[in-house]
Amino acid sequence: MSQLSQNRALVIVNTHFHSSDGDVVFGTRRGAKREAEKLSNVLSRLNYTVKLVHNKTAKEIEDLYWQERCHEHGKYFVSIISSHGEDGVIFGCDTEPVQLSRLFRILSSEKCSVLRKIPKIFFIQACRGKELDQGVVLECDSGKPEPGCEPECLLDFPSIPPQTVVTFACNPGYVAFLNPSGSMFLQALLKVLEGEERHLDLIRLLTRINGQVAFHCQARGTYEGCKQMPCFVTNLQQEVFPFSA
């Protein structure tokens, strides 16, 4: 009797960035490497074959996803990307941009029959802009909201291929925080995967992560008190339990 293929996970973490002429660009992402290693270890215990890579250029990142098309896959594919970024873009260690929509399309059913029916789950730890999230006031028994405090209209999310879930560390236009002990977003993911909540359906699990970051995390130091709100987009067609090993 043949053994079933294991689920696969691709973890990409960029911590040092240099331009083509060798100049140091962006800041060093302290804490990201150790965080990625912890997540890789947890995924390994949850029946994933994990490929962890560090400091890849834009082209190398794309190549890694093309290579996934050549592997045998189990029931799920998970990818974690930790890097600098802007809305819709993450940066390679050569400071060249990578369009996230392009990475999603590489694994779409049109281009990759191997992954056609397999849920593809992305976690993106990267800034999506330069705005700081100051949070919101939840209690307002008297008085009217101050001018300019009305919520903005929802921004468009990127289109994604079928059977794909993408979870972002923050909303469009905002920064995602990282410190030497790790990021708010991936630390919340790590906590969930190490606990009993990992047995939940994916959408419930992601909602728990949103709540953990929104209510229990805030920046310190220079950005004391600033908040962060993860968000996700999905077009799954059924409930899935990718971490209930």
Compute the ring centroids of Phe122 and Phe104, then answer whether they are less than 6.0 Å apart. yes
Quick one: pull up NZ in Lys75 and OH in Tyr48 and give me the separation to the nearest 0.5 Å. 9.5 Å
Report the distance from atom CG of Leu189 to atom CG of Leu205, rounding to the nearest 0.5 Å. 7.5 Å
Quick check: are there more than 12 heavy atoms from other residues, nucleotides or ligands sitting under 6.0 Å from CD of Gln238? yes
Trace of the side-chain contact (heavy atoms from CB on, under 4.5 Å) decision for Thr15 with Val13: CA-CA 6 Å; Thr15 55; Val13 53; 4.0 Å; yes
His84 and Phe26 aromatic centres sub-6.0 Å: yes
Testing the basics here: between Ala126 and Ala176, what is the closest heavy-atom pair and its distance to 0.1 Å? O-CB, 3.6 Å
Could you see if Leu178 belongs to whatever hydrophobic cluster contains Ile12? Use Ile, Leu, Val, Met, Phe, Trp, Tyr and a side-chain cutoff under 4.5 Å. no
Excluding sequence neighbours, so at least two apart, what forms salt bridge (Lys or Arg N to Asp or Glu O under 4.0 Å) with Arg29? none
Tell me the closest heavy-atom pair linking Gly92 and Ile61, and the distance in Å. CA-CD1, 4.0 Å
To the nearest 0.5 Å, what is the distance between CG (Leu43) and OH (Tyr76)? 14.0 Å
Tell me, do Asn14 and His54 make a side-chain contact under 4.5 Å, heavy atoms counted? no
CG/Leu107 to CH2/Trp66 distance, rounded to the nearest 0.5 angstrom? 9.0 Å
In chain order, what residues pass the salt bridge (Lys or Arg N to Asp or Glu O under 4.0 Å) check against Arg102, with sequence neighbours excluded? Glu62
Working note: Leu115 + Lys120, criterion side-chain contact (heavy atoms from CB on, under 4.5 Å); need CA distance, chi angles, decisive distance, verdict. CA-CA 8 Å; Leu115 286 163; Lys120 295 160 282 290; 4.2 Å; yes
Side-chain heavy-atom pair Ser79, Tyr65 within 4.5 angstrom cut-off: yes
Between Phe185 and Ile209, is a side-chain contact (heavy atoms from CB on, under 4.5 Å) present by the stated rule, with each step listed? CA-CA 8 Å; Phe185 173 56; Ile209 292 174; 4.1 Å; yes
How would you list all residue pairs meeting salt bridge (Lys or Arg N to Asp or Glu O under 4.0 Å) that involve residues 8-19, not counting sequence neighbours? Arg8-Glu68
A side-chain contact here means heavy atoms from C-beta on lying under 4.5 Å apart; do Ile80 and Leu39 qualify? yes
Non-hydrogen side-chain atoms of Lys56 and Leu64 separated by less than 4.5 Å: yes
For a side-chain contact (heavy atoms from CB on, under 4.5 Å) check, start with the C-alpha distance between Arg69 and Ile106, then their side-chain angles and the critical distance, and finish with the verdict. CA-CA 8 Å; Arg69 295 154 48 95; Ile106 290 173; 4.0 Å; yes
Would you be so kind as to tabulate the donor-acceptor pairs closer than 3.5 Å made by side chains of residues 161-170, with sequence neighbours excluded?
| from | atom 1 | to | atom 2 | distance (Å) |
| --- | --- | --- | --- | --- |
| Gln163 | OE1 | Gln237 | N | 3.3 |
| Thr164 | OG1 | Pro161 | O | 3.0 |
| Thr164 | OG1 | Pro162 | O | 3.2 |

Using only atom types and a distance under 3.5 Å, with no angle test, would you say the side chain of Ser83 pairs donor to acceptor with the backbone of Ile90? no
Sub-3.5 Å donor-acceptor pair from the side chain of Thr28 to the main-chain atoms of Arg30, do we have one? no
Relative to each other, are the rings of Phe243 and Phe123 parallel, tilted or perpendicular (30° and 60° limits)? tilted
Taking the side chain as everything from C-beta on, heavy atoms only, tell me whether Leu52 gets closer than 4.5 Å to Glu37. yes
Contact summary for Glu194 and Arg198, nearest pair of heavy atoms: O-NH1, 4.2 Å
Salt bridge (Lys or Arg N to Asp or Glu O under 4.0 Å) against Lys59, all qualifying residues, sequence neighbours excluded: Asp63
Shortest non-hydrogen contact between Gly88 and Gln99, atoms and distance: O-OE1, 3.4 Å
Does any N or O in the side chain of Gln228 come within less than 3.5 Å of the main-chain N or O of Phe177, such that one atom is a donor and the other an acceptor? yes
Taking C-beta and beyond as the side chain, do Leu103 and Arg105 meet within less than 4.5 Å on heavy atoms? no
Heavy atoms only: give me the nearest Glu60-Asn55 pair and the separation to one decimal. OE1-O, 4.3 Å
By salt bridge (Lys or Arg N to Asp or Glu O under 4.0 Å), which residues pair with Glu197, not counting sequence neighbours? Arg208
If you measure from NE2 on His73 to CD1 on Ile118, what distance do you get to the nearest 0.5 Å? 6.0 Å
So SG of Cys127 and CZ of Phe91: to nearest 0.5 Å the spacing works out to 10.0 Å
Under a 3.5 Å distance rule, please check whether Asp94 uses its side chain to pair with a backbone N or O of Ala58 as donor and acceptor. yes
Less than 4.5 Å apart, any side-chain heavy atom of Gln187 and any of Glu35? yes
Is the CZ atom of Arg204 crowded by more than 12 outside heavy atoms at less than 6.0 Å? no
Can you tell if the side chain of Leu202 reaches within under 4.5 Å of the side chain of Phe241, non-hydrogen atoms only? no
Ignoring hydrogens and geometry, is there a side-chain-to-backbone donor-acceptor pair from Asp87 to Gly129 under 3.5 Å? no
